Asks: 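Dropping a structure here in structure tokens format, bear with me for questions.
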Amino acid sequence: MTVLSMTTRPLADEAPRAQTAQPMVRFRDVCKSYGSFTVLNHLDLEVGANEKVAIIGPSGSGKSTLLRALMTLESIDSGVIEVDGDPLTHQLRNGEPVRASEAHVRRVRGKIGMVFQSFNLFPHMSALKNVMEAPVQVLGMRRDEARERAVELLEMVGLGNKLEHYPSQLSGGQQQRVAIARALAMRPKVMLFDEVTSALDPELCGEVLNVVRRLGTEHNLTMLMVTHQMGFAREFADRVCFFHQGNILEQGTPEQLFGHPQHERTRCFLSAVNEAS
Ligand SMILES: Nc1ncnc2c1ncn2[C@@H]1O[C@H](COP(=O)(O)OP(=O)(O)O)[C@@H](O)[C@H]1O
Ligand SMILES: [Mg+2]
């Protein structure tokens, strides 16, 4: 098991959280179809600041689309998505909702980081450059500052000794940890994880999940995680949502959802997953 070095600096700008009920992420009546196939079906979801939500459910039920819509990688057909109180796709002008400018979308989207199943690193860049590049190019951060922070983040994910390694010289688990550091370099408030261990050999899953676990416990990050790792969801999440046909069929604490599922469909899914593992 990798021993992670500690970092004392906060990952995100961690202003004390206001004691308001405003969710960090909110989907309101969100619909999305591909032709006649409905992938998000009047979805409502609220995630509180610092809350850890695991999303489970059958393949094709819309889990990735939910995360991709939040990351503005997919458009939605109707409804509203808000991040930290700001609508993603609209802004208010003189009290009237108008289509958001690109600058507005960039600003709101800048609060979100995402890690994918396939690590998506730049193959021609070292681990260090992979983590430095977006802060320099997108945020206009000075290179020396971006470098210092990238080193800190790579140390935090246990890769302080691999700074100059290229993705092809790293294992899948190490590449995924670089991808996590790269997302964190943009100082997100919300982190999205889409089956981040699914492409890994089983013995490499643990090192990635350990990093996710540490992020969850040591930093004020809101986290949405699509996962097939029920054991991890059970131990890590504040809330588990069971996705079915583009909506949340059932949700609750891990104890409620795994221990006392209410719907037959949820029970079938959980027993099928248990049998497979
Ligand atoms: N770009 C696309 N065009 C057409 N269909 C798509 C597209 N992306 C996803 N889908 C379909 O939408 C459904 C839901 O996809 P997805 O959100 O990836 O589900 P999940 O992550 O739960 O497996 C799948 O059946 C998939 O085939
Ligand atoms: Mg998916």
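First listed ligand is number 1; within each ligand, the first listed atom is number 1. In this chain, residues are counted from 1 in sequence order. Nothing here was measured: the structure is a model prediction, and the numbers come from that model.
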Asks: Give me the residue, atom name and distance of the protein heavy atom closest to atom 20 (P) of ligand 1.
Replies: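 For atom 20 (P) of ligand 1, the nearest protein heavy atom comes out as Gly60 N, 3.5 Å.
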
Asks: Going by the order shown, which atoms of ligand 1 are within less than 4.0 Å of some heavy atom of Ser59?
Replies: 23 (O)

Asks: Checking contacts here: is it the side chain or the backbone of Val39 that comes within 4.0 Å of ligand 1, counting heavy atoms only? Could be both or neither.
Replies: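 Looking at Val39 and ligand 1, just side chain atoms fall under 4.0 Å.
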
Asks: Can you tell me the protein heavy atom closest to atom 13 (C) of ligand 1 and the distance?
Replies: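 Of every protein heavy atom, Phe37 CE2, 3.4 Å lies nearest to atom 13 (C) of ligand 1.
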
Asks: So, Arg265 and Glu250, do they make that salt bridge, N to O below 4.0 Å?
Replies: no

Asks: So which heavy atom in the protein is nearest atom 18 (O) of ligand 1, and how far is it from that ligand atom?
Replies: Ser64 CB, 3.6 Å

Asks: Hydrophobic clusters here meaning ILVMFWY residues chained together by side-chain heavy-atom distances under 4.5 Å, can you tell me if Leu163 and Phe119 are in one?
Replies: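 Leu163 and Phe119: one cluster.
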
Asks: Is there at least one pair of N or O atoms, one from Gly62 and one from ligand 1, spaced under 3.5 Å apart?
Replies: yes

Asks: Return yes or no for this condition: an N or O of Glu74 is under 3.5 Å from an N or O of ligand 1.
Replies: no

Asks: Could you check whether Glu102 pairs with Arg107 (Lys NZ or Arg NE/NH1/NH2 to Asp/Glu carboxylate O, under 4.0 Å)?
Replies: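 No.
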
Asks: Test of understanding: clusters of I, L, V, M, F, W, Y form through side-chain heavy atoms closer than 4.5 Å, transitively. Do Val196 and Phe232 belong to the same one?
Replies: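 Yes; tracing contacts between hydrophobic side chains, which count when under 4.5 Å, links both residues.
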
Asks: Using side-chain heavy atoms (C-beta onward) and a distance below 4.5 Å, is Met223 in contact with Val212?
Replies: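 With C-beta onward as the side chain, the pair touches.
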
Asks: Could you list the atoms of ligand 1 found under 4.0 angstrom from a heavy atom of Pro58?
Replies: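 It comes down to these atoms of ligand 1: 22 (O).
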
Asks: Hydrophobic cluster membership, with links at side-chain heavy-atom distances under 4.5 Å among I/L/V/M/F/W/Y: are Met24 and Met114 in one?
Replies: yes

Asks: Taking 2.8 Å as the cut-off, does an N/O/S atom of Ser64 lie below it from the Mg ion (ligand 2)?
Replies: yes

Asks: Measuring only between side-chain heavy atoms, which start at C-beta, is Arg214 closer than 4.5 Å to Met156?
Replies: yes

Asks: Within the supplied structure, the quantity of interest is the number of heavy atoms (other residues, nucleotides, ligands) at a distance under 6.0 Å from Arg234 CZ; does it exceed 12?
Replies: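 Counting neighbours around CZ of Arg234, more than 12 heavy atoms of other residues, nucleotides or ligands fall under 6.0 Å, so yes.
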
Asks: Is atom 26 (C) of ligand 1 in close reach of the protein, with a heavy atom under 4.0 Å away?
Replies: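 So far as the 4.0 Å threshold goes, atom 26 (C) of ligand 1 is out of reach of every protein heavy atom.
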
Asks: With the threshold set at under 4.0 angstrom, would you say Gly35 reaches ligand 1 through any of its heavy atoms?
Replies: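 The answer is no, since Gly35 has no heavy atom less than 4.0 Å from ligand 1.
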
Asks: Starting from atom 1 (N) of ligand 1, which protein heavy atom do you reach first, and at what distance in Å?
Replies: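 Answer for atom 1 (N) of ligand 1: Tyr34 CE2, 3.6 Å.
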
Asks: May I ask you to check whether Asn247 and Asn41 show a side-chain donor-acceptor distance below 3.5 Å?
Replies: no

Asks: Give me the residue, atom name and distance of the protein heavy atom closest to atom 17 (O) of ligand 1.
Replies: Thr65 OG1, 2.5 Å

